There are 2 protein chains.
Amino acid sequence: MTNLDTNRAFNREAQYAAKRRAVIRSASGAFRRRGYHNTSMVLIAQSLGLSKAALYYYVKSKEEILYECHIMVYDAMDAAVKSVRGQGDTGLGKLQLLYGAFAHLLTRDGLGLLADVDSLKGEFQTTVLKRRGSIERAVTRIVKQGMSDGSIKKADARVTVYFLMGALNWLNVWYEPGGRLSGEHIADAFVTQMSQGIAK
Amino acid sequence: MTNLDTNRAFNREAQYAAKRRAVIRSASGAFRRRGYHNTSMVLIAQSLGLSKAALYYYVKSKEEILYECHIMVYDAMDAAVKSVRGQGDTGLGKLQLLYGAFAHLLTRDGLGLLADVDSLKGEFQTTVLKRRGSIERAVTRIVKQGMSDGSIKKADARVTVYFLMGALNWLNVWYEPGGRLSGEHIADAFVTQMSQGIAK
DNA sequence: AGATTATTCGACCATAAAGTCAATCTATGG
DNA sequence: CCATAGATTGACTTTATGGTCGAATAATCT
């Protein structure tokens, strides 16, 4: 096996992985715009110039696509959580960085939080709920930290977090990529609004 | 035709209307919990102790049920908007009343904002979007009023409103009637958070 | 070039769930 | 107690769509 061989083989795998990702990304957009159940496999296929059958070469089921869409977002969010570790002096400072990062993910980066968790079954649903819970807990932890260090006003942390996450989730419905409002603009506005809402 | 007749006839109609409402209400809850597409007509029927066929005596289609669910919420919200007319001295004061009323609707009163607008077609969808737009415009108007009278900090009113409406919409996902958090509690927290987020 | 493997497709199958309908049961009025 | 209108049903049809499969095509290796 020559070096070229492994390069080729690698290329193959990379090609496959790239196309698989393309399927997920394309579906993700369609799901966000039209909803999971209003998006047929044929439509996803067409938007990629493929036949429906070809899709199943890259993916085991429609549900798996939805699952991967969720995972994609939560991976990005986990990365954001990790990236603010150490940064930001107070809890509020940390939260500002994190919340801004979230807003960027969901606008500039074209990712979309999906609400369709109920369409996932069994293991898929369990995992996704776990991931969502994990994110929420991370945010809650920061909020509580802020309440301890005096940067955030004391209140029910759970409600606070749900309030903030809700605003983010609603982006799916109204944010249009390339529209009047840029991701930066929105992220700024959200961070400001969030900060003032909870700062002490 | 005696007086009794008209009473009876009225009773019939009232009975019919009441049962129809029961169908909508029951479906509304199921839609909120499981999602529109994950809720079959058979399930709705069962939860009312009826057969699926009987449902179609009260309702023309599943889509019509979804439509009515939306309308129910928007009617309630319109009423809330009307009820704060005249009340509240500043824009912020008005908004506090309204936002609290909204939060109450969506918790205590068991109504649920649905995001499934994409599952509605044609006239149905148009109307629902119109109603949603109308509510958003009403809220925007109040926010702008607040920005004029100095009670609300100047910012992009549209983004502000979306932010606030998003937090409300997310209630569907996490609020559980009869759970640890009462509707009152949540409404209070939301109003506080909202106020501080935008007050000058 | 020929063999082998990766990719794609047309045509089909399976099924869940919406929607229909003639027949039945139930209440109301005379 | 019969007649009529209201209410409900079981059994059926229809349809949309997710998913499968063997064959065909394209790419890669020796």
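Numbers restart at 1 for each chain; the letters A, B, ... are given by sequence-line order, proteins then strands. In this text the structure is predicted, and so the values were computed from the model without any measurement.
Rounded to a whole Å, the OH atom of B/Tyr57 is 5 Å from the C1' atom of D/dG6. Between B/Met41 atom CE and D/dT15 atom C1' there is a gap of 16 Å when expressed in whole angstrom units. The separation between B/Lys52 atom NZ and C/dA16 atom P is 13 Å, rounded to whole Å. Counting to the nearest Å, the P atom of D/dA26 and the OH atom of A/Tyr16 are 21 Å from each other. One interatomic measurement links the two molecules: OH of A/Tyr56 to C1' of D/dT17, which rounds to 9 Å at whole-angstrom precision. Protein atom CG of B/Leu120 is 15 Å distant from nucleotide atom P of C/dA18, rounded to whole Å. Taking atom NE2 of A/His37 as the reference point, atom C1' of C/dA17 lies 12 Å away to the nearest angstrom. Atom CZ of A/Arg34 is separated from atom C1' of D/dT17 by 14 Å (rounded to the nearest Å).
Across all strands shown, A/Ser51 has heavy atoms under 4.0 Å from base atoms, whether or not it also approaches the sugar-phosphate.
Closest to the side chain of A/Ala54, from the set D/dT8, C/dA18, C/dC9, is C/dC9. Checking D/dT8, D/dT20, C/dA18 against the side-chain heavy atoms of B/Leu50 singles out D/dT8 as nearest. Checking D/dG18, C/dA18, D/dT20 against every side-chain atom of A/Ala53, the shortest atom distance belongs to D/dT20.
At a cut-off of 3.5 angstrom, the base of C/dG19 holds no donor-acceptor pair with the side chain of B/Lys62.
A 4.5 Å side-chain heavy-atom check between A/Lys94 and A/Arg85 finds every atom pair outside the cut-off. The closest side-chain heavy-atom distance from A/Arg131 to A/Asp75 is below 4.5 Å.
Atom CZ of A/Arg25 has 12 or fewer neighbouring heavy atoms from other residues, nucleotides or ligands inside a 6.0 Å radius.
Nearest heavy-atom pair, A/Ala167 versus A/Phe190, reported as atom, atom and distance to 0.1 Å: O-CE2, 3.6 Å.
In this structure, B/Lys60 does not reach the C/dG19 phosphate: none of its side-chain N or O atoms is under 4.0 Å from OP1 or OP2. Using a 4.0 Å cut-off, some side-chain N or O of A/Lys19 falls inside it from OP1 or OP2 of C/dT8. Under 4.0 angstrom from either OP1 or OP2 of C/dT8 there lies at least one side-chain N or O belonging to A/Tyr58.
Although no hydrogens or angles enter the test, the distance criterion places a donor-acceptor pair under 3.5 Å between the side chain of A/Lys62 and the main chain of A/Thr39.
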